[in-house]
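Following: one structure in structure tokens, then a few remarks.
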Number of protein chains: 2
Amino acid sequence: MDKSLISAPIPTIRRLPKYIHMLKRLKIENVLYVSATTIAHELKIEPILVRKDLSITGIIGKPKVGFEVEELIASITQFLNWNNTEDAFIIGVGALGEAILGYSGFKDYGLNIIAGFDIDKKKIGKKIFGVEILPLDSLEDLIKRMHINIGVLTVPASESQEICDSMVSSGIKAIWNFSPIALQVPDEVILENVHLSQSLAVLTHKLAKKLKG
Amino acid sequence: MDKSLISAPIPTIRRLPKYIHMLKRLKIENVLYVSATTIAHELKIEPILVRKDLSITGIIGKPKVGFEVEELIASITQFLNWNNTEDAFIIGVGALGEAILGYSGFKDYGLNIIAGFDIDKKKIGKKIFGVEILPLDSLEDLIKRMHINIGVLTVPASESQEICDSMVSSGIKAIWNFSPIALQVPDEVILENVHLSQSLAVLTHKLAKKLKG
DNA sequence: TTATAATCGATAATTTTATATCGATAATAA
DNA sequence: TTATTATCGATATAAAATTATCGATTATAA
């Protein structure tokens, strides 16, 4: 059966990429097997949690040796559907949008950004890191015609809801949102937010406690 | 008593910035009071959860009307220690580092990046978004002399552990790490990771389920 | 070959986080 | 003034996530 259809705990899904990072390094180092204990020690989590997380992807380990590295990478990759890359558009090619375009690694994470959109005429027509920048006006049409499922939203907060709405009405299935705003989308549209302020909040709060306490 | 010393659930801390974003918008719209119900509706969470989150910061609401917007912003800001901005260094001024420098909003989140570090001689000496870029060699010395507590790490994975080590030995207290690697730091150093792959994993997994199921 | 030790994976217990219930309070309208 | 209603906040319950326990399994060494 297809394990990727199982509903896993969100915390588990968020840890899976960590395992992949480590496993890929091990593969480069020609390590064939790795135990949950070893993974846990490096990632500073409990071994039992690692076993639980991994078992969700359907992998089966061997007592005394652990898991086959390559098989484990494949199992997690399959679970996250990172073996089937989805074509995506990025909307807003400012500093952040460029940084995302510059990071070539997303193809390993199932994401293939094939075009960027912006209103800035200086950018339209240019290629940034090999990706062509198109006028924002053409976004709706191209989402429909090319059946694009994922939109990466890196525009200023003031414009993001409007662009979000137009993507939704064009049939987008998932939005990876970097603008610091609580976007309103219909239930059937998947919305995943990257709000750096959230991560920073944890850091500053811990630091304040440390410095005061 | 100082509420910011209380240990709050991490999920709560991660939601606090969302409240701030919304509240600041309300303030601009001259809204004086807001209820947990209203906040919850906009952010798509349960009202009771909002009340619990907010109460952790020490705020007290008024039955029938809710919370005073301005007071609430102050309460959360204080709790996260975002009223006292910490000076920070950023290490690695590639596409991502530049994007972070370009985002002026971090000052509102308690973070003031006052210098960047890189090995690229073309960048050293230049100013990027008003922040001077210095040679990586001078990092340790400056952390010590300026008593910098926070380092933002935006270098490639291959170099991040080494730089991390040197920051730790120079006395850094907290590291905001953007390189996709599990950094090893002593227990007393606060490590907060931003791994975009984690967020992307949640999105791709949900999308795969949606498209298949 | 047999004993030993490391690890897996199923089940159970614990902890953390989220949600529900309900009396108390204060604004609004009758 | 009094009734009504929305909301708060304390306490209790439920759900989710993590951690512990333990028998089964298999490589390694005696």
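Computed from heavy atoms alone, side chains included, the values below leave out hydrogens, waters and symmetry copies. Each chain gets a letter, A, B and so on, in the order the sequences are listed, and its residues count up from 1.
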TODO: Please report the closest heavy-atom contact between B:E192 and A:S199, naming both atoms and the distance.
DONE: CG-OG, 3.1 Å

Open item on the list: At less than 4.0 Å, is any side-chain N or O atom of A:R14 found next to OP1 or OP2 of D:dA17? Yes or no.
Closed with: no

Open item on the list: Hydrogens and angles aside, do B:D53 and B:T12 bring a side-chain donor and acceptor to less than 3.5 Å of each other?
Closed with: yes

Task: A:E42/A:K18 salt bridge by N-O under 4.0 Å criterion - done: no

TODO: Examine distances only and state if a side-chain atom of A:S35 and a backbone atom of A:V65 form a donor-acceptor pair shorter than 3.5 Å.
DONE: no

Task: Derivation of the ring pair (Phe, Tyr, Trp, His ring centres under 6.0 Å) call for B:F117 and B:F89 - done: CA-CA 8 Å; B:F117 293 82; B:F89 285 166; 4.8 Å; yes

Polar pairs (N or O, both sides) under 3.5 Å between protein and nucleotides 19-23 of chain D?
| unit_1 | atom_1 | unit_2 | atom_2 | d |
| --- | --- | --- | --- | --- |
| D:dT19 | O4 | A:K52 | NZ | 3.2 |

Task: Per-nucleotide protein contact string for nucleotides 23-29 of chain C (B base, S sugar-phosphate only, - none; heavy atom under 4.0 Å) - done: --BBB--

Whole angstrom is fine here: how far is it from [atom1] in [X] over to [atom2] in [N]?
X: A:D53; N: D:dA16; atom1: CG; atom2: P; value: 17 Å
X: A:L54; N: C:dC8; atom1: CG; atom2: P; value: 9 Å
X: A:F67; N: D:dT26; atom1: CZ; atom2: C1'; value: 14 Å
X: B:I59; N: D:dA10; atom1: CD1; atom2: P; value: 14 Å
X: B:K44; N: C:dA18; atom1: NZ; atom2: C1'; value: 19 Å

Task: B:S166/B:S169 under side-chain hydrogen bond (donor to acceptor under 3.5 Å, both in side chains): CA gap, chis, key distance, verdict - done: CA-CA 5 Å; B:S166 95; B:S169 73; 5.6 Å; no

- [ ] Supply the atom-to-atom distance A:I100 CD1 to A:L111 CG, rounded to the nearest 0.5 angstrom.
- [x] 9.5 Å

Open item on the list: Check for me whether the distance between the ring centres of B:F106 and B:W176 falls short of 6.0 Å.
Closed with: yes

